[in-house]
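The first residue in the sequence is number 1, and the count goes up from there.
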Amino acid sequence: MRENVRYRIRLLQWTNDEDGGRNADVRRRRREVVWRACSRDILFFVSTFGWLLEPRLMKKMPWLTYDFQDEAILKMQATIQSAIDGEPKDLIQSKSRDMGASWICVLVALWFALFRPNFSALLLSYKAELVDSEDPKSLFFKLDYLLRHLPKWMVPNMKRKEMVWRNMDNDSYIKGDTTTEYSGIADRTTCVVLDEASLMDKLDSIWVGTQSVTDCRIANFTMRRYATYATALTKKVEYVQSRLYWTLHPLKVRGLYVGDPVSGVITVKDKRYVFK
């Protein structure tokens, strides 16, 4: 983290170098270089300008993605891009808790809205306060947080009102809504994100209903025992599957071992861990 923070400081200094206005052209060209790099590489963008809020620690921190998050980000980006290119695709992102999955959904939507013209995303959740509120769990809180920590020169002319963020420079926008069985049926959008889909009432109707709204549906949810329709989506081979389970998280698998219930044999998976 220290190295990443030092790098971010150096880059910000490089793009904000001022000398009484005499270096205005140099500064503009440097910012164009960084802008192009961000527009071409979403992982560069998040590793350079992404910030997270960790309420449990009461602090913000630079977003240093784990390998499993990199894979999920690139898979979601590719799925949306495929739909833009004329090949409809849907993504099922099943996850454990505390894997950064909702942040990933918001990040990818924001990246497209910043760097691609005429993009639109519809963010859905089962409760209004989880779509747009001051609650850090809400999707638009995450969107506002990512935007607030961008350099000022990277933030576009924009409009923000309840459940809507619009990039006025390229006519891209992100909207939000709560879910009913008729969610989004009047919309036409580049992608629809169903966050915490396993908690949505009548998910089957919502999933079918949004098919005519977009060429890219993204269902993001924690696996739950009685969420039968959401579980069924994870078994559909026609959908792109992204699995963010806790066993992929390097901080959650310290000392991981697996016991065979029949033989009783214990297999230690984390060979580096020293047990007390």
| Among pairs that include at least one residue of residues 2-13, which meet salt bridge (charged side-chain N to carboxylate O under 4.0 Å, His left out), considering only residues two or more places apart or in two chains? |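 Every pair satisfying salt bridge (charged side-chain N to carboxylate O under 4.0 Å, His left out) with a residue in residues 2-13: E3-R6.
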Is the number of heavy atoms from other residues, nucleotides or ligands under 6.0 Å of [X] [atom1] greater than 12?
X    : atom1 : value
F275 : CZ    : yes
Y273 : OH    : yes
K252 : NZ    : yes
D67  : CG    : no

Using only atom types and a distance under 3.5 Å, with no angle test, would you say the side chain of [X] pairs donor to acceptor with the backbone of [Y]?
X    : Y    : value
S138 : D135 : yes
T79  : D90  : no
D169 : N157 : yes
T15  : L12  : yes
K89  : D215 : no
Q241 : L233 : yes
S82  : E87  : yes

| said: Assess the residue pair M154 and F45 against the criterion (side chain to side chain contact (heavy atoms under 4.5 Å, CB included)); give the C-alpha distance rounded to whole Å, side-chain angles, the decisive distance to 0.1 Å, and a yes or no. | reply: CA-CA 11 Å; M154 185 172 277; F45 173 64; 3.9 Å; yes
Value rounded to 0.5 Å, distance of [atom1] in [X] from [atom2] in [Y]:
X    : Y    : atom1 : atom2 : result
Q69  : L43  : CD    : CG    : 10.5 Å
C216 : I84  : SG    : CD1   : 8.5 Å
T267 : D260 : OG1   : CG    : 7.5 Å
E196 : K137 : CD    : NZ    : 10.0 Å
Q81  : L74  : CD    : CG    : 12.5 Å
K235 : S94  : NZ    : OG    : 9.5 Å

Closest approach of [X] to [Y] (non-hydrogen atoms, all atoms of both residues):
X    : Y    : result
V208 : Y229 : CG2-OH, 4.3 Å
F221 : S198 : CB-N, 3.5 Å
Q93  : A72  : OE1-CB, 3.9 Å
W207 : T210 : O-OG1, 3.1 Å
W51  : L146 : O-CD2, 3.5 Å
R224 : T231 : O-OG1, 4.0 Å

Mind checking whether [X] and [Y] sit in one hydrophobic cluster, side chains of I, L, V, M, F, W, Y counted as touching below 4.5 Å?
X    : Y    : result
I206 : Y226 : no
V164 : V192 : no
L194 : L130 : yes
M163 : M168 : no

Answer yes or no: is there a side-chain heavy-atom contact under 4.5 Å between [X] and [Y]?
X    : Y    : result
L64  : M1   : yes
T48  : Y7   : yes
M99  : F68  : yes
L150 : L114 : yes
S47  : W63  : no
L91  : Y239 : no
L11  : V34  : yes
D132 : L139 : no

| task | Classify the side-chain pair R31/N16 by whether it contains a donor and acceptor separated by less than 3.5 Å. | result |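 Note: R31 and N16 side chains meet the donor-acceptor criterion.
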| said: Just by distance, no angles: are the side chains of K75 and S242 close enough, under 3.5 Å, to form a donor-acceptor pair? | reply: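 Distance-only check fails for K75 and S242.
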| request: Scan residues 147-156 for pairs that pass side chain to side chain donor-acceptor pair (under 3.5 Å), counting only residues two or more places apart or in two chains. | output: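 Counting only pairs at least two positions apart or across chains, the side chain to side chain donor-acceptor pair (under 3.5 Å) contacts touching residues 147-156 are K60-H149.
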Tabulate below the donor-acceptor pairs under 3.5 Å that side-chain atoms of residues 115-129 make, not counting sequence neighbours, or state none.
from : atom 1 : to   : atom 2 : distance (Å)
R116 : NH1    : S39  : O      : 3.4
R116 : NH2    : S39  : O      : 3.1
S120 : OG     : T189 : OG1    : 3.1
S120 : OG     : T190 : N      : 3.0
S120 : OG     : T190 : OG1    : 3.3

| message | One pair to check against side chain to side chain contact (heavy atoms under 4.5 Å, CB included): I92 and K236. What are the steps and the verdict? | response | CA-CA 9 Å; I92 310 302; K236 299 285 187 179; over 6 Å; no
| task | Give me the one residue out of I174, I42, I80 that meets side chain to side chain contact (heavy atoms under 4.5 Å, CB included) with F112. | result |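 Exactly one pass, corresponding to I80.
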| query | Does the side chain to side chain contact (heavy atoms under 4.5 Å, CB included) test come out yes or no for M158 and R166, once each step is laid out? | reply | CA-CA 5 Å; M158 62 184 188; R166 185 163 187 173; over 6 Å; no
Return a table of donor-acceptor pairs under 3.5 angstrom between the side chains of residues 102-111 and protein atoms on other chains or two or more places apart.
from : atom 1 : to   : atom 2 : distance (Å)
S102 : OG     : D195 : OD1    : 2.9
S102 : OG     : D195 : OD2    : 3.3
W111 : NE1    : C38  : O      : 2.8

| query | For W246, what are the other residues in its hydrophobic cluster, where any two members join if their side-chain heavy atoms are less than 4.5 angstrom apart? | reply |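 Once heavy-atom contacts under 4.5 Å are chained together, W246 belongs with V253, L256.
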| task | Evaluate side chain to side chain contact (heavy atoms under 4.5 Å, CB included) for W165 paired with K159, printing each intermediate quantity in order. | result | CA-CA 6 Å; W165 177 85; K159 283 187 177 180; over 6 Å; no
| Residues in salt bridge (charged side-chain N to carboxylate O under 4.0 Å, His left out) contact with D144, at least two apart in sequence or another chain |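 By the salt bridge (charged side-chain N to carboxylate O under 4.0 Å, His left out) rule, D144 matches R160.
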